[in-house]
Amino acid sequence: MDAKFIEGLNAPTAEERLQALEILLENQTESDKPVVRENDANNHIHTIYSFSPYSPTKAAYMAYIAGLTSAGIMDHDSLSGAIEFKKACEMLGLGHTCGVEVRAKFDRGFGRINHPDQNDCIYMAAHGIPEQNLEAFNEYLSSFRIKRNLRDQKMCKAISDKYGKFGIELDFKKDVLPLAQAEFGGSITERHLLYALANKLEKKFGRTDDLLNFLESLGLKVSEKIKAFLLDQNNDKFLYDLLGVLKADTKFFYIDADEEMPEAEDFVKKAIEFGAIPAYAYLGDVGESVTGDKKAQTFEDAYLPELLKEIKKIGIKAVAYMPTRNTPAQLERLGKLCKENDLFEISGEDVNSPRQKFECAALANPQFSHLIDATWALIGHEAISTKHGVEAGMFSKTTMQKTPNLLERIAIYSEIGRNTVKK
């Protein structure tokens, strides 16, 4: 496929991007079409509306060329890219689902839960949001985005305070804002700040040994593999690779989130009101990192049974997790606990960098076949809730009274989901 068609998928506006996709598909040949991966799914794809190299249109296309038959958008504190994503998926013949990821206050005495930098808060998601409620849900999230931006500015100053003595300073309006889609309803994350810092470091040191020496002088470890990336003059992923090194040390600028976080109970109620499925995002302790890019750290494994009981109390219906991130023992234990607690299991491989894959090879394992059915059930939930209202959803009181068994509901809604895709 001609590169100019691909580049158009990241054009400045949604209209231009969707038009570029239409042109791309018109010029697609049989040899351009991907090998379909029926036993695969990804419900956790970030876009430029939080932090990602992909617009909603390009994210959908990347899922398509990876061979996926469905795709799910999952941005931080924003649903602003959801409609574009849905339209792109429909053009590509993909099943699709829309969600949002937030940090929420959850003080139950657990301390660190699934957030590497802050205690008593949890990453959670609202999956399968009906289309008619996207705008209202996004409006609810807008106040948290505004407060997040105020904190981002303070963290930007903290980065400048440390790097200023090296002649490197960040200006929030000039260096950070242009990287985000804030004016179009996107959120600004800590990754945007580090990407802006990476830009400054490249301008100062270039792709040289001086850069590597500077990073190591700060106590940042750089593997031989990453060193090669950072010295490669033709590396089109350079800034993301440098960001990966920088994010190993966030303590010096990280400020605990507060006003930008809803109470977990309140967010769950709002998600249910809008017809979404609220989910806890399982992280799991990291010993020797399965993916090779995580530092050793403990999270929720020591008290996981107790935690799942607490999240059920506030109305969370599901647990989302990444099969490639965790060990077989962690996944087996989590699956067992989900069954014991009647929690819906959702799979999603976090994509926010060009080196991350859209596909999840682990899902080809029969052990995870239920996650494929769950993905289609999620799609079915969103589709039927869009068509008939939230009471038609998978976890509505009406549906649960009619079909109390979760596995039976998954079977029903997965069939609905599969039927949404035009053959």
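Everything quoted here is computed from the prediction, not taken from an experiment.
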- Closest heavy-atom pair and its distance - Ile129, Gly99: CD1-CA, 4.0 Å
- Item | Beyond-backbone contact of His76 with Arg191, side-chain heavy atoms, under 4.5 angstrom | no
- Query: What closest approach, in Å, do Thr208 and Leu231 show between heavy atoms, and which atom pair accounts for it?
  - Reply: C-CD2, 3.4 Å
- Message: Are His44 and Glu101 packed together at the side-chain level, in the sense that at least one heavy-atom pair is separated by less than 4.5 angstrom?
- Response: yes
- Query: Of the non-hydrogen atoms in Thr420 and Ala383, which two are nearest, and what is the gap between them?
  - Reply: CG2-CB, 3.6 Å
- Query: Could you give the distance from CG (Leu24) to CG (Leu9), rounded to the nearest 0.5 Å?
  - Reply: 5.5 Å
- Output yes when a side-chain donor or acceptor of Asn10 lies under 3.5 Å from a complementary backbone atom of Ser55, and no otherwise. yes
- Query: Does the pair Lys157/Asp161 count as a salt bridge with the N-to-O cut at 4.0 Å?
  - Reply: yes
- With distance as the sole test, does His381 use its side chain to make a donor-acceptor pair with the main-chain N or O of Gly128 at under 3.5 Å? yes
- Task: Take Val421 and Trp376 through the side-chain contact (heavy atoms from CB on, under 4.5 Å) test and state the conclusion after the steps.
- Result: CA-CA 10 Å; Val421 181; Trp376 287 110; 3.6 Å; yes
- Would you check, one step at a time, whether the test side-chain contact (heavy atoms from CB on, under 4.5 Å) holds for Tyr254 with Glu190? CA-CA 8 Å; Tyr254 185 84; Glu190 289 88 349; 3.3 Å; yes
- Leu177 side chain reached by Ile188 side chain, heavy atoms, under 4.5 Å: yes
- Any donor and acceptor pair, going by atom type alone, linking the side chain of Asp75 with main-chain N or O of Ser78 inside 3.5 Å? no
- Message: Tell me whether the count of non-hydrogen atoms from other residues, nucleotides or ligands lying under 6.0 Å of CD in Glu273 goes above 12.
- Response: yes
- Message: Whether the side chain of Asn114 engages the backbone of Tyr282 through a donor-acceptor N/O pair (distance < 3.5 Å, no angle test) should be reported.
- Response: no
- Query: When rounded to the nearest 0.5 angstrom, what is the spacing between NE2 in His127 and CD1 in Ile277?
  - Reply: 8.5 Å
- Please determine if Glu169 and Lys200 form a salt bridge, counting it only when a charged side-chain N lies under 4.0 Å from a carboxylate O. no
- How many angstroms lie between atom NE2 of His96 and atom CG of Asn43, to the nearest 0.5 angstrom? 12.5 Å
- Query: Any side-chain heavy atom of Leu150 sitting closer than 4.5 Å to one from Gln153?
  - Reply: yes
- Message: When you measure from the side chain of Lys312 to the backbone of Asn341, do you find a donor-acceptor pair of N or O atoms at a distance under 3.5 Å?
- Response: yes
- Query: Does any non-hydrogen side-chain atom of Phe299 lie less than 4.5 Å from one of Pro116?
  - Reply: yes
- Item | Stepwise salt bridge (Lys or Arg N to Asp or Glu O under 4.0 Å) check, Asp40 with Lys357 | CA-CA 12 Å; Asp40 209 337; Lys357 295 181 178 179; over 6 Å; no
- Message: Under the criterion side-chain contact (heavy atoms from CB on, under 4.5 Å), I'd like the reasoning laid out for Leu406 against Phe395: C-alpha separation, chi angles, the key distance, then a yes or no.
- Response: CA-CA 9 Å; Leu406 177 59; Phe395 288 91; 3.9 Å; yes
- Residue pairs involving residues 213-248 (criterion ring-ring contact (aromatic ring centres under 6.0 Å, His included); sequence neighbours excluded): Phe51-Tyr240, Phe166-Phe214, Tyr195-Tyr240, Phe205-Phe214
- To the nearest 0.5 Å, what is the distance between CD1 (Ile379) and OG1 (Thr97)? 6.5 Å
- Say you draw a straight line from NZ of Lys86 to CG of Leu94; how long is it, rounded to the nearest 0.5 Å? 12.5 Å
- Flag, side chain of Thr47 to backbone of Pro56, donor-acceptor distance under 3.5 Å: no
- Query: Is there a donor-acceptor pair under 3.5 Å between the side chain of Asn42 and the backbone N or O of Gly348?
  - Reply: no
- Message: Is it the case that the side chains of Ser80 and Asn138 hold a donor-acceptor pair, with the cut-off being a distance below 3.5 Å and no angle test?
- Response: yes
- Message: So that I can tick it off, tell me whether Arg207 and Asp241 are bridged by a salt bridge, with the cut-off set at under 4.0 angstrom between side-chain N and carboxylate O.
- Response: no
- Would you indicate whether the side-chain heavy atoms of Ile272 and Lys269 approach each other to under 4.5 Å? no
- Query: With no hydrogens and no angle check, is any side-chain donor or acceptor of Glu300 less than 3.5 Å from a backbone partner on Gly284?
  - Reply: yes
- Does a side-chain heavy-atom distance below 4.5 Å link Tyr321 with Leu371? yes
- Query: What do the steps show when you test Asn352 against Ser50 for side-chain hydrogen bond (donor to acceptor under 3.5 Å, both in side chains), and what is the final call?
  - Reply: CA-CA 9 Å; Asn352 55 28; Ser50 51; over 6 Å; no
- ring pair (Phe, Tyr, Trp, His ring centres under 6.0 Å) between Phe5 and Tyr61, worked out: CA-CA 11 Å; Phe5 294 132; Tyr61 179 74; over 10 Å; no
- Message: Between Ser385 (side chain only) and Pro130 (backbone N and O only), is there a donor and an acceptor less than 3.5 Å apart?
- Response: no
- Item | With Asp77, the salt bridge (charged side-chain N to carboxylate O under 4.0 Å, His left out) member among Arg148, Arg103, Lys147 | Arg148
- Item | Contact summary for Ala41 and Ser70, nearest pair of heavy atoms | CB-OG, 4.3 Å
- Task: In plain terms, say whether Glu265 and Lys105 are close enough for a salt bridge, that is, a side-chain N and a carboxylate O under 4.0 Å apart.
- Result: no
- Out of Leu246, Val176, Asp175, which residue meets the side-chain contact (heavy atoms from CB on, under 4.5 Å) rule with Leu193? Val176
- Should Phe253 and Leu194 count as side-chain neighbours, where that means a heavy-atom distance under 4.5 Å? yes
- Pair Asp350-Gln356, side-chain donor/acceptor within less than 3.5 Å: no
- Query: Thinking salt bridges, do Lys87 and Glu84 make one under a 4.0 Å N-O criterion?
  - Reply: no
- Message: Quick check: closest heavy atoms across Arg325 and Val286, and the distance to 0.1 Å?
- Response: NH2-CG2, 3.3 Å
For residues 409-416, tabulate all N or O donor-acceptor pairs below 3.5 Å that involve a side-chain atom, not counting sequence neighbours.
| residue | atom | partner | partner atom | Å |
| --- | --- | --- | --- | --- |
| Arg409 | NE | Thr403 | O | 2.8 |
| Arg409 | NH1 | Met394 | O | 3.2 |
| Arg409 | NH2 | Pro404 | O | 3.2 |
| Tyr413 | OH | Ala392 | O | 2.6 |
| Tyr413 | OH | Gly393 | O | 3.2 |
| Tyr413 | OH | Thr399 | OG1 | 3.3 |
| Ser414 | OG | Ile410 | O | 3.0 |
| Ser414 | OG | Ala411 | O | 3.0 |

- Sidechain-backbone polar pair: Glu391 side chain, Ser396 backbone, donor-acceptor under 3.5 Å: no
- Task: Tell me, with the steps shown, if Glu16 and Thr13 meet side-chain hydrogen bond (donor to acceptor under 3.5 Å, both in side chains).
- Result: CA-CA 5 Å; Glu16 290 174 290; Thr13 68; 2.9 Å; yes
- Item | Shortest non-hydrogen separation from Ile316 to Ala318 and the atoms involved | CG2-O, 3.3 Å
- Can Glu359 and Arg37 be counted as an ion pair, charged N to O under 4.0 angstrom? no
- Task: Give the intermediate values and the outcome of side-chain contact (heavy atoms from CB on, under 4.5 Å) for residues Val102 and Met261.
- Result: CA-CA 8 Å; Val102 303; Met261 296 195 301; over 6 Å; no
